[in-house]
Number of protein chains: 2
Amino acid sequence: MIISKTCDHAIRAALYVALHEDRAYVTIREISEHLGLSFHFLTKILQALTQKGIMTSFKGPNGGVSLARPAQSISIKEIVVAIDGEALFSGCMLGLDTCNDDHPCPLHQQWANLRDQLETLFTQTTLAYLADRIRREGLRLANFEAVSLVS
Amino acid sequence: MIISKTCDHAIRAALYVALHEDRAYVTIREISEHLGLSFHFLTKILQALTQKGIMTSFKGPNGGVSLARPAQSISIKEIVVAIDGEALFSGCMLGLDTCNDDHPCPLHQQWANLRDQLETLFTQTTLAYLADRIRREGLRLANFEAVSLVS
DNA sequence: TATATTTAAGATATAAGAGTCTTATTTCTT
DNA sequence: AAGAAATAAGACTCTTATATCTTAAATATA
Ligand code: FES
Ligand code: FES
């Protein structure tokens with residue numbers, strides 16, 4: 001798919017944390033249980049976000065992870081780039097070594113346009129915006145079989 | 001990336017064949033050399049396109065592959081679906097099990113819109129259209145280090 | 001008919017992504 | 001000080017994607 005599985009776990013986890021911004025820290029175990037994914041795997045993913053300065057963490061009792069900055073200032077793009085790298089926003093659709101306006105591949109023109117839209121969208125879409133819509137519209141963050149968000 | 005490597009090999013190979021529609025068959029070896037990719041791997045990829053009815057093949061001397069239909073009637077989408085499946089055009093951006101208007105994930109609205117544009121683009125973009133632009137504008141089908149298309 | 005040419009098919013190998021497990025390390029509580 | 005609760009780090013395993021290699025089948029030509 002368009003983003004890696006690791007990356008969508010990261011986005012969903014970040015949204016879960018954003019939904020609980022009132023709490024100082026949320027434990028990774030709680031996130032993993034609500035989103036229906038492996039605790040250990042999620043730990044690794046969130047470590048990456050912490051190292052990139054998107055989250056902060058705190059060890060020990062009452063510890064966990066939280067957003068390093070206000071949810072309003074964290075874009076989806078930032079998370080995608082942290083996990084998957086820049087390729088989605090700069091790579092060639094046909095997988096050529098470089099994507100270059102001066103030496104375009106056949107799909108360049110059409111893809112570059114859509115890609116810009118995608119980048120704009122991902123840049124403008126913040127965790128705060130999505131968290132707000134999740135709260136108001138009850139959007140789902142997990143598969144149906146996973147534990148509900150309402151806890 | 002957005003499509004698999006296998007898939008972009010397939011698209012580039014199909015374009016190479018479309019560029020030589022005048023010839024009854026083009027050998028896979030010739031395609032692989034011009035595009036700079038493994039003959040054996042390309043053979044497997046083109047077998048898939050042949051099985052899906054996008055190409056036809058012929059064994060033996062003077063054999064090779066050719067388009068099963070006029071280049072004008074083969075869309076990029078058809079090739080993507082043949083190799084990567086429908087997921088790109090119907091899957092959830094967050095990797096949830098289903099993408100559903102009634103139970104959307106937070107990114108659904110924004111992604112569904114872009115995805116429709118992508119699907120339209122891929123459906124309307126035919127091998128003939130791209131081959132024509134490649135001929136007129138000299139667009140590149142391969143990395144620079146690969147053998148040139150001009151032979 | 002024999003040989004060369006070409007794709008078909010399938011087995012094998014390598015690399016990357018996804019996921020699990022174990023052992024630190026930090027911090028709170030008692 | 002001891003023990004419990006939590007993340008950090010790294011080794012390990014499993015799966016999928018990518019790529020290679022070998023053999024078979026079909027076809028043309030000499
Ligand atoms: S060169 Fe291929 S998308 Fe830009
Ligand atoms: S439900 Fe996630 S993109 Fe449609």
Side-chain angles (χ1 to χ4, degrees), chain A residues 1-13 17 23-33 35-68 80 82-85 87-88 91 94-95 146, chain B residues 1-13 16-17 23-33 35-68 80 82-85 87-88 91 94-95:
Chain A
M1 270 298 297
I2 194 163
I3 55 180
S4 71
K5 225 156 183 180
T6 302
C7 187
D8 58 52
H9 293 340
I11 293 173
R12 295 195 292 136
V17 174
R23 293 159 56 185
Y25 292 102
V26 181
T27 68
I28 297 176
R29 181 155 307 272
E30 174 184 336
I31 305 172
S32 72
E33 282 169 359
L35 297 185
L37 42 88
S38 144
F39 165 73
H40 285 107
F41 190 27
L42 184 56
T43 293
K44 267 182 50 168
I45 297 170
L46 293 185
Q47 272 174 36
L49 292 188
T50 299
Q51 285 160 357
K52 298 277 183 179
I54 294 172
M55 291 205 176
T56 53
S57 66
F58 198 79
K59 291 177 181 173
N62 309 315
V65 295
S66 69
L67 301 180
V80 172
I83 304 293
D84 284 353
L88 178 59
L94 284 185
Chain B
M1 271 297 297
I2 193 162
I3 57 180
S4 72
K5 224 158 183 179
T6 302
C7 187
D8 59 51
H9 293 341
I11 293 173
R12 295 197 292 137
Y16 185 91
V17 175
R23 293 158 57 184
Y25 292 103
V26 181
T27 67
I28 298 177
R29 172 135 339 250
E30 174 184 336
I31 304 172
S32 71
E33 283 170 358
L35 297 185
L37 42 88
S38 143
F39 165 74
H40 286 106
F41 190 27
L42 185 56
T43 293
K44 268 184 50 171
I45 297 170
L46 294 185
Q47 271 174 37
L49 292 188
T50 298
Q51 285 161 357
K52 298 278 182 177
I54 294 172
M55 291 205 176
T56 54
S57 66
F58 197 80
K59 290 178 181 175
N62 309 316
V65 295
S66 68
L67 301 180
V80 172
I83 303 293
D84 284 352
L88 178 60
L94 284 186

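Values reported hereafter were calculated over all heavy atoms of this structure, with side chains retained and with hydrogens, waters and symmetry mates removed. Naming convention: chains lettered A, B, ... in sequence-line order (proteins, then strands); numbering from 1 in each chain.
- Residues from residues 38-47 of chain B with heavy atoms under 4.0 angstrom of DNA chain D, sorted by number: B:S38, B:H40, B:F41, B:K44.
- In this structure, A:Q51 atom CD and D:dG10 atom P are separated by 9 Å, rounded to whole Å.
- Within the 4.5 Å cutoff, the side chain of A:S38 has no heavy atoms near those of the A:L42 side chain.
- In terms of heavy-atom proximity, B:L67 sits nearest to B:M55 at CD2-CE, 4.0 Å.
- Computed from coordinates, the A:L37 CG to C:dG17 P distance equals 19 Å when rounded to whole Å.
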- Task: I would like to know whether B:T27 and B:E30 meet side-chain contact (heavy atoms from CB on, under 4.5 Å); could you show each step before the answer?
- Result: CA-CA 5 Å; B:T27 67; B:E30 174 184 336; 3.4 Å; yes
- Chi angles and distances behind the side chain to side chain donor-acceptor pair (under 3.5 Å) call for B:S66, B:T56: CA-CA 5 Å; B:S66 68; B:T56 54; 3.0 Å; yes
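- What separates NZ of A:K5 from C1' of D:dA17 is a distance of 14 Å, to the nearest Å.
- Contact annotation: A:H9 side-chain N/O to C:dG19 OP1/OP2 distance is under 4.0 Å.
- Dashed line: the shortest gap from a side-chain N or O of B:T50 to OP1 or OP2 of C:dT7 is not under 4.0 Å.
- The separation between A:I83 atom CD1 and C:dG19 atom P is 13 Å, rounded to whole Å.
- Atom pair B:I28:CD1 and D:dT20:P shows a separation of 15 Å (rounding to whole Å applied).
- Phosphate proximity of D:dA17 to B:T6: absent, as no side-chain N or O sits under 4.0 Å from OP1 or OP2.
- Atom CD of A:E33 is separated from atom P of D:dA6 by 11 Å (rounded to the nearest Å).
- Look at CG on B:D8: it is 9 Å from P on D:dT18, rounded to the nearest Å.
- Here the P atom of nucleotide C:dT29 and the NZ atom of A:K59 are 18 Å apart, to the nearest Å.
- Looking at heavy-atom distances under 4.0 Å, A:F58 makes contact with sugar-phosphate atoms alone, never a base.
- Heavy-atom distances to DNA chain D give each of B:N62 and A:V26 a nearest nucleotide, and the one nearer the 5′ end belongs to A:V26.
- Put simply, the side chain of A:D84 never gets that close to the backbone of A:I3: no donor and acceptor are under 3.5 Å apart.
- Taking the six-membered ring where the residue is Trp, A:Y25 and A:F58 present parallel rings, their angle staying beneath 30° rather than reaching 60°.
- No side-chain heavy atom of B:L46 sits under 4.5 Å from any side-chain heavy atom of B:S57.
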